[in-house]
Number of protein chains: 2
Amino acid sequence: MAEPATTSNRMLERVAMVLDAVEGSSASASELGRRTGLSVSTVHRLALSMVEYGFLRRVDDGDFKLGHRFVRTALESIATPILTELRNVTGETAQMWIRRGERRICRVTVDSQHELKATLPAGSTLELPNGSSGRLLSHDPEALESVEEHGWVESVGRRTPGLGSVSAPVMLRDQMIATLCLAMPLSRVEVSPGRDFGENLARAARMVGTELETAKQL
Amino acid sequence: MAEPATTSNRMLERVAMVLDAVEGSSASASELGRRTGLSVSTVHRLALSMVEYGFLRRVDDGDFKLGHRFVRTALESIATPILTELRNVTGETAQMWIRRGERRICRVTVDSQHELKATLPAGSTLELPNGSSGRLLSHDPEALESVEEHGWVESVGRRTPGLGSVSAPVMLRDQMIATLCLAMPLSRVEVSPGRDFGENLARAARMVGTELETAKQL
DNA sequence: GAATCATATCCCACTGTATGGGAAGTTTTG
DNA sequence: CAAAACTTCCCATACAGTGGGATATGATTC
């Protein structure tokens with residue numbers, strides 16, 4: 001009798017086996033072969049492919065570990081849908097930035113669907129001082145004052161001519177752990193980035209902080 | 001000129017496309033087709049397979065979202081390798097438990113490699129009151145006193161005869177957010193679960209708390 | 001309530017991708 | 001220094017995945 005359409009998939013089965021194999025601890029290609037029962041050449045090639053697509057990453061001694069797709073903090077998990085909703089509401093690129101030393105890193109980005117858009121890939125790093133998120137993350141006094149007054153700080157053409165942005169802090173227990181940011185070409189700004197978008201942005205940033213707090217209570 | 005062996009992989013590329021497609025928001029099978037450019041029958045079948053292996057999950061309205069492989073808090077990400085190392089050092093099953101209302105849930109388990117072992121699958125829920133983690137998570141005064149004195153609390157045959165366990169709290173800003181636990185058959189206990197394993201366990205629990213703190217500082 | 005549109009699901013002839021034994025080079029171990 | 005282990009790659013071969021199209025179901029519109 002013919003089987004109904006199956007959901008089994010050989011490649012996915014093998015990918016899952018490899019992921020399970022590195023779940024607890026990293027493994028070399030040979031060790032992956034032993035843990036999965038697959039031939040070393042098969043698992044070696046597969047592991048290299050999995051690195052390319054972010055399922056694994058390779059550390060200096062040649063071992064494979066879970067890749068960036070699995071290493072996401074709770075903050076990113078919480079922020080991503082909120083940023084997506086914010087992008088849907090405003091139409092502009094919505095991002096989350098964190099500080100690392102004297103630089104900032106874009107942890108999440110949800111791009112505008114306009115043809116003309118402000119966009120940087122997630123993972124981008126920038127110098128701190130410019131742009132609304134940079135000023136906020138570097139605790140620039142004027143930026144903090146703007147947040148105090150409006151809940152957001154805006155930037156017009158500071159880092160990239162023709163570009164506007166507005167940022168709001170994500171607070172956890174009175175500490176700024178990240179910023180949410182909307183970036184857009186000035187041609188779509190009516191009054192100013194802050195006036196146009198700041199209220200929605202500040203509400204989204206508070207939401208991230210609240211949900212993280214709730215998550216932390218476990 | 002012949003290319004060197006390539007790391008591209010058609011199936012992984014498609015899996016990654018689907019995962020990227022649901023990253024920001026859930027999608028139906030038809031919507032996945034649109035977001036990825038794949039034919040609906042292809043992406044429908046692939047999505048069903050991805051559900052089977054934990055890459056996606058399907059919600060009630062038929063939409064696909066990221067599956068259990070991707071929904072892990074920072075706490076679990078941090079705790080898993082530490083529990084693996086603890087299991088390697090002690091040889092016994094190492095687990096992390098959290099409190100949910102009047103129950104407790106096993107969030108991570110790394111099983112002993114002995115043939116005789118204490119094991120429950122991750123996701124198990126138990127009533128609070130018994131077992132060393134249960135007593136700790138329910139803030140039993142004697143348990144807290146034991147932690148104060150030793151850094152750990154032990155249990156011998158309280159919930160399951162023949163089984164011993166020792167637990168230590170994972171603290172974040174003076175709050176107990178989880179417990180780490182070692183469970184083992186009494187036949188492998190020399191003095192008591194606490195005396196034998198407590199020091200390693202308490203150190204591992206402090207490590208989890210410290211790394212989570214560091215992660216929170218971003 | 002019927003018509004239309006959209007979606008979910010499945011089939012199967014056909015396409016083309018993945019496999020793994022084996023070889024070569026490198027690194028580690030005794 | 002030899003042996004063992006590992007990494008990496010090739011390629012003849014095997015077999016898994018594709019997607020157009022059909023059917024059924026549900027939602028929307030008139």
Side-chain angles (χ1 to χ4, degrees), chain A residues 1-67 69 88 113, chain B residues 1-67 69 88 113:
Chain A
M1 179 200 294
E3 285 186 329
T6 177
T7 54
S8 74
N9 179 304
R10 187 155 174 226
M11 177 64 64
L12 281 182
E13 181 179 358
R14 292 183 164 194
V15 170
M17 288 166 71
V18 172
L19 292 172
D20 291 343
V22 299
E23 177 82 11
S25 59
S26 62
S28 64
S30 298
E31 180 62 19
L32 282 182
R34 284 189 290 274
R35 292 183 189 180
T36 60
L38 300 170
S39 78
V40 174
S41 52
T42 298
V43 81
H44 177 258
R45 186 183 54 251
L46 180 56
L48 291 182
S49 299
M50 288 170 73
V51 169
E52 178 163 337
Y53 298 103
F55 295 97
L56 290 178
R57 65 189 169 87
R58 200 161 197 187
V59 291
D60 287 338
D61 63 358
D63 272 16
F64 295 94
K65 322 183 74 162
L66 287 176
R69 288 184 182 275
N88 293 344
Q113 284 164 331
Chain B
M1 180 198 294
E3 285 186 327
T6 179
T7 54
S8 75
N9 179 303
R10 189 154 175 225
M11 176 64 66
L12 281 182
E13 181 179 355
R14 292 181 163 194
V15 170
M17 287 165 72
V18 171
L19 292 173
D20 291 343
V22 299
E23 176 84 11
S25 61
S26 63
S28 65
S30 298
E31 180 62 20
L32 282 181
R34 285 191 289 275
R35 291 183 190 177
T36 60
L38 301 169
S39 77
V40 173
S41 50
T42 298
V43 81
H44 178 259
R45 186 182 54 249
L46 181 57
L48 291 181
S49 299
M50 290 170 73
V51 169
E52 179 163 337
Y53 298 103
F55 295 96
L56 291 177
R57 64 187 168 88
R58 201 159 195 192
V59 291
D60 286 339
D61 63 358
D63 272 16
F64 295 95
K65 322 182 73 160
L66 287 177
R69 288 184 183 276
N88 293 344
Q113 285 164 331

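Hydrogens, waters and symmetry mates are skipped; everything else that's a heavy atom, side chains included, is used. The shown structure was predicted, so the numbers you read here are calculated from the model rather than taken from an experiment. Proteins come first, then strands; the chains are lettered A, B, ... in the order of their sequence lines, and each starts at number 1.
For D/dC9, neither phosphate oxygen OP1 nor OP2 lies less than 4.0 angstrom from any side-chain nitrogen or oxygen of A/R45. Considering only side-chain N and O atoms, A/N9 lies under 4.0 angstrom from the phosphate OP1 or OP2 of D/dG17.
Nucleotide C/dT19 holds its C1' atom 17 Å from the CZ atom of B/R10, rounded to whole Å. Going from atom CD of B/E13 over to atom P of D/dG17 covers 16 Å, rounded to whole Å. Here D/dA16 presents its C1' atom at 9 Å from CE of A/M11, a figure rounded to the nearest Å. Look at CG on A/L46: it is 13 Å from C1' on C/dG20, rounded to the nearest Å. Between the CG atom of B/L48 and the P atom of D/dT18 there is a distance of 13 Å, rounded to whole Å. The CG atom of B/L38 sits 15 Å away from the P atom of C/dA8 (whole-angstrom rounding).
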Exercise. Checking side chain to side chain contact (heavy atoms under 4.5 Å, CB included) for the pair A/D20/A/T36: CA distance, chi angles, key distance, verdict?
Worked result: CA-CA 9 Å; A/D20 291 343; A/T36 60; over 6 Å; no

For this session: Just do the side chain to side chain contact (heavy atoms under 4.5 Å, CB included) check on A/L48 and A/F64 with the steps written out, would you?
Result: CA-CA 9 Å; A/L48 291 182; A/F64 295 94; 4.3 Å; yes

For this session: Carefully, step by step, assess B/L12 and A/E52 under the rule side chain to side chain contact (heavy atoms under 4.5 Å, CB included).
Result: CA-CA 9 Å; B/L12 281 182; A/E52 178 163 337; over 6 Å; no

Exercise. Would B/V18 and B/F55 count as a side chain to side chain contact (heavy atoms under 4.5 Å, CB included) if you check the C-alpha gap in whole Å, the side-chain angles of each, and the deciding distance to 0.1 Å?
Worked result: CA-CA 10 Å; B/V18 171; B/F55 295 96; over 6 Å; no

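Contact check for A/M11 versus B/N9: side-chain heavy atoms found under the 4.5 Å cut-off.
Residue A/T42 is the one, among A/T42 and B/S39, whose nearest nucleotide of DNA chain D lies closer to the 5' end (criterion: closest heavy atom).
With C/dT19, D/dC9, D/dG19 as the choices, the nucleotide that has an atom nearest any side-chain atom of A/R14 turns out to be C/dT19.
Under 3.5 Å, the side chain of B/S41 and the base of D/dG20 form at least one donor-acceptor pair of N or O atoms.
Closest approach of B/G33 to B/V43, counting heavy atoms only: N-CG1, 3.6 Å.
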Atom pairs, protein N/O to nucleotides 5-7 of chain D N/O, distance under 3.5 Å:
unit_1 : atom_1 : unit_2 : atom_2 : d
D/dC6  : OP1    : A/R34  : NH2    : 3.4
D/dC6  : OP2    : A/R34  : NH1    : 3.4
D/dT7  : OP2    : A/S30  : N      : 2.8
D/dT7  : OP2    : A/S30  : OG     : 2.7

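Among A/M17, A/R14, A/E13, the one residue that satisfies the side-chain contact (heavy atoms from CB on, under 4.5 Å) test with B/Y53 is A/E13.
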